[in-house]
Amino acid sequence: QVQLEESGGGSVQAGGSLRLSCAVSGYRFSSGCMAWFREAPGNQREAVAAIDGDGSTTYAASVEGRFTISKDSAKKILYLEMDSLKPEDTGMYYCATGESYTSEYVIANVRYGMDYWGKGTLVTVSS
C-alpha cells in the first residue's frame, strides 16, 4: 500500500524560502509520476510541480523559476524547494503519485485524479 506524508510547511514572509518533503512508502520511484499540488481557500486544487520516473520535470507557469521539484530514490523522499515565495503561494500543499501519468499531463490536466495522496502541509506566506 502506498503511503505519503508531507512535512516542512510553515509561515514565512514574502521573498522567503521553504523546502517541503514527502516521505513515500510502497511506491516505485522509477515509474509513473510524482507531483506537488496546492489548494488555497476557495480555490480548486492545482498541480504546481511534477516529476517523471526518469527525472523529467514540469512546472506550472505560476511557479516556474521559483520552485524546484526533486526526489531522492534511495531515501524515498520527494522534495519541493520553494524560493521567492509570494502571498499567493499560500495554501495546503499535497504530494501525490500517478502511475499512468506524465508530468506534463499532470500539470496541464489533473486536479484530484491522482492515485495516492498525502494529508498535506500548510504553507502561509505573509506580505
Applying side-chain contact (heavy atoms from CB on, under 4.5 Å), can you list everything that pairs with [X], at least two apart in sequence or on another chain?
{"X": "R111", "answer": "Q44, E46"}
{"X": "A35", "answer": "F37, A50, V106, M114"}
{"X": "S56", "answer": "D52, D54"}

Evaluate F67 against I69 for side chain to side chain contact (heavy atoms under 4.5 Å, CB included), listing each step before the verdict.
CA-CA 7 Å; F67 289 14; I69 187 172; over 6 Å; no

Hey, can you pull the donor-acceptor pairs under 3.5 Å for the side chains in residues 120-127, sequence neighbours left out?
residue : atom : partner : partner atom : Å
T121    : OG1  : G9      : N            : 3.1

According to the disulfide (SG to SG under 2.5 Å) rule, which pairs have a member within residues 45-83, sequence neighbours left out?
none

Enumerate the disulfide (SG to SG under 2.5 Å) contacts for residues 98-127, please, sequence neighbours excluded, ordered by first and then second residue.
none

Approximate separation, where rounding is to 0.5 Å, of E104 CD and T57 OG1:
10.0 Å

About how many Å separate CD of Q3 and OG1 of T97, when rounded to the nearest 0.5 Å?
11.5 Å

Please confirm whether the backbone N or O of G53 pairs with a side-chain atom of K71, one donor and one acceptor, at under 3.5 Å?
yes

Which donor-acceptor pairs under 3.5 Å do side chains of residues 13-29 form with protein atoms, sequence neighbours excluded?
residue : atom : partner : partner atom : Å
S17     : OG   : D83     : OD1          : 2.8
Y27     : OH   : S31     : O            : 3.0
Y27     : OH   : C33     : N            : 3.4

E39: which residues meet the side-chain hydrogen bond (donor to acceptor under 3.5 Å, both in side chains) condition with it, sequence neighbours left out?
R45

Inter- and intrachain pairs under salt bridge (Lys or Arg N to Asp or Glu O under 4.0 Å), touching residues 118-127, at least two apart
none

Which residue pairs satisfy the salt bridge (Lys or Arg N to Asp or Glu O under 4.0 Å) criterion with at least one member in residues 60-69, sequence neighbours excluded?
R66-D89

With the 4.5 Å side-chain cut-off for hydrophobic clustering, are [X] and [Y] part of the same group?
{"X": "I107", "Y": "I51", "answer": "no"}
{"X": "V110", "Y": "Y59", "answer": "no"}
{"X": "Y116", "Y": "L80", "answer": "yes"}

Those residues at least two apart in sequence (or on a different chain) that pass ring-ring contact (aromatic ring centres under 6.0 Å, His included) with Y101 are Y105

Would you name the heavy atoms of Y94 and W117 that are closest together and state the gap between them?
CB-CE3, 3.9 Å

More than 12 foreign heavy atoms under 6.0 Å from CD of E99: is that the case here?
yes

Answer yes or no: is there a side-chain heavy-atom contact under 4.5 Å between V63 and R38?
yes

In the hydrophobic clustering that connects Ile, Leu, Val, Met, Phe, Trp and Tyr at side-chain heavy-atom distances below 4.5 Å, which members other than Y79 occupy its cluster, ordered by chain and number?
I77

Test C95 against L4 for side chain to side chain contact (heavy atoms under 4.5 Å, CB included), laying out the working first.
CA-CA 7 Å; C95 61; L4 304 95; 3.6 Å; yes

List the steps and the verdict of side chain to side chain contact (heavy atoms under 4.5 Å, CB included) for V2 and D115.
CA-CA 9 Å; V2 178; D115 299 329; over 6 Å; no

